[in-house]
Amino acid sequence: MDQLLYASEVFINGLMTGVMYSLVALGFVLIYKASGVFNYAQGVMALFAALTLVGIMNGQVPFAHLINAMFGTHLDKFGWTVPAVLAIVLTAGVMVLLAILIEKLVLKHLVGQEPIILFMATIGLAYFLEGLGDVMWGADIKTLDVGLPQGISDTVEQLTDSWFGYGFFIDRLDIWATIIAALLVTALVAFAQYTKQGRAMRAVADDHQAALSVGISLQFIWIMVWSIAGFVALVAGIMWGTKSGVQFSLSLIALKALPVLMLGGFTSIPGAIVGGLIIGVGEKMFEFWIGPMVGGATENWFAYVLALIFLVFRPQGLFGERIIERV
Amino acid sequence: MFYREAGDFKTSYRDDGQTFPIALDRWGYYAIVAVAALVVPFVINDYWASAILLPFLIYAIASIGLNILVGYAGQVSLGTGGFMAVGAYSVYKLMTAFPEISIIAHILLAGGMTALVGMAFGLPSLRIKGFYLAVATLAAQFFLVWLFNKVPWFYNNSASGQINAPERTVLGWAVTGPAATPAAKYLVCLAFVVFAAWIARNLTRGMFGRKWMAIRDMDIAAEIIGVNPLTAKLSAFGVSSFFVGIAGALLFAVYLGAAEVTEAFGINKSFLVLFMVIIGGLGSIFGSFAGAAFLVVLPVFLKNLLVGTFGWPTDLAAHFELMIVGALIIFFLIVEPHGLARLWRLVKEKLRLWPFPH
């Protein structure tokens, strides 16, 4: 009985982790649907957004390290701190700017190339952004606190204690992440279904050329989609950054979104959510049952191997569109 | 003597099909091999060997291997780091288990071992393709690194979790361990590079290469005209992993001497080799060399320029390097998706017309 309760605690924690994966995966799906680009840089975008947010909040001078090295000055901070809400708005602005730059400098020149070329271009973009983030804000590990509650939730612990005689340890941050993710998904679905831009976005996703011929500006849609993806990256960056500090490993956690997508299907928003939950629960349960037998740390690869095995049987993922190939 | 075929009469099919049909190219190639084998070992010093020449030669083997898979067969792999680790750990186990057998045999066996592992992880390529496959090969990367980290048998239960190359000799010269001279290390790597390039060149222009390219260009059509996708894809994974495994074995045994798997064979290695292939040129043996040379020299050059000349701190220079490599990848994909090899081909086209272009 104890074992079962403990397992269900692991299960719930897995669900919460899964929500975080889904958050990153959402950004991938958005961009993939609208522009056919598989954006490897999504994870680094989350890192970059989190770095920028921390930098703005602490009033750091951007490129301080570089300027100091070039001119021998000793710049570090402006000496003010910016409230979290304002900093988030400013960071969102930076992400929009980034989206415009990516469209103008990279995507515009790669229209009509094979998907794999675009994919490799986003790997290049990931490297560039990683370097840029470090040059702009420094590479040291930063703590991020935008006022989200953290720590173990007492309410849940007491409640479950009174029900089962066993208190569940659940991080309050995870609960908040779930709520925020749910809100974000609802907002995105509403945006895609009920607004003019959302309809245009879906039209582009269906057929680039047909969308162009009815007068939809591809450039605008792409900038918009990359901005939204940047915003999703910002939210994911805030969540992960608050949880485990803003550091390079953030972009590796985001790599986990890839198997999530393969499970859920690249083209489906519900797929990203369900895939994230399956991966989150799966890797926690696997670590719990099998992990001790094989030396632990199975979380590093479980998601990938699961996706690999899954793909052999259903290449389009759970909710993906059927892949039809013609010669 | 002008750079063209005219006047160089071929009298047999063998002559006609040779790799360097132009006499000047042929002599240039012999000259480069001669200089590399007979002159460089006498002038080489520790800095040149460890900073540029050894990494260049070793990564050239790895990128030839990956180029066969990505450039010729069109199957994108992000698991190169993991496969290099298989090569490194196989050679370590063989070196410590059978010390009396030549290290050359061990390195070749390690390549064979990696080929088997590569083919196993290549099996999903029969069902999935494109970036689905790329992500699937990430499974190989993470799983293999984890395996070598967690199972003590692979590193002979050493307390640090590291593997250290014991001293082994070839013809009486130490090539691994602390006593090895730069020249000996260099010559071993050079021998493997020449071997790899020779095999790869002849495979890619023969039946196997044509099957791979048919699969790359359109796999369904290739299947219809009688290319068996099972053998074509798995042989591409096998041959590619064989070279990658040799590169991993050399990287560990000859170059690094000691290695820790997450650090030496992490996901960054996979990307590094992939970038070499992209920048050098997909589907070109020369491109593999060019890409490897470019990405080995670039950090050294940047470090000398930024740290040495401008006096910047090293961490800043390292971050700049990331930015420059990333930007270069995008630049190459936009401007010249066929990489440095294509530029080289253009130069040759121009040379063949020079000095009378009309």
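Bear in mind that the values here come from a model prediction, so they are computed numbers and not experimental data. Quick note on labels: first sequence line is chain A, next is B, and so on, each numbered from 1.
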Under 4.5 Å heavy-atom distance to chain B, tell me which part of [X] shows up: side chain, backbone, both or neither.
X	result
A/Y40	side chain
A/A307	neither
A/L129	neither
A/L125	both

Report which part of [X] has an atom under 4.5 Å of a heavy atom belonging to chain A: side chain, backbone, both, or neither.
X	value
B/I329	side chain
B/I278	side chain
B/A140	neither
B/L123	neither

Among the listed options A/F302, A/Y127, A/F119, the residue most often paired with chain B at heavy-atom distances under 4.5 Å: A/Y127

Best-contacting candidate, A/L105, A/D134, A/V106, A/L132, against chain B by heavy atom pairs under 4.5 angstrom: A/D134

What side-chain donor-acceptor pairs closer than 3.5 Å can you find for residues 262-270 of chain B, not counting sequence neighbours?
from   : atom 1 : to     : atom 2 : distance (Å)
B/T262 : OG1    : B/E260 : OE1    : 2.7
B/T262 : OG1    : B/E260 : OE2    : 3.3
B/K269 : NZ     : B/Y59  : OH     : 3.2
B/K269 : NZ     : B/A264 : O      : 3.2
B/S270 : OG     : B/L78  : O      : 3.1
B/S270 : OG     : B/G81  : N      : 2.9
B/S270 : OG     : B/Q141 : OE1    : 2.7

Worked check of ring-ring contact (aromatic ring centres under 6.0 Å, His included) between B/F143 and A/W301: CA-CA 5 Å; B/F143 178 74; A/W301 54 267; 4.8 Å; yes

Max heavy-atom pair count under 4.5 Å with chain A, selected residue of B/F332, B/F142, B/F320: B/F142

Student check: side-chain heavy atoms of [X] and [Y] closer than 4.5 Å:
X	Y	value
A/F286	A/L306	no
B/S235	B/K211	no
B/V296	B/M276	yes

Aromatic plane relationship, B/F275 with B/F271 - under 30° parallel, 30 to 60° tilted, over 60° perpendicular: parallel

Whether B/F148 and B/F154 hold their rings parallel, tilted or perpendicular, with breakpoints at 30° and 60°: perpendicular

Listed partners of B/S77 passing side-chain contact (heavy atoms from CB on, under 4.5 Å), at least two apart: B/L66, B/L69, B/T80, B/F83, B/T137

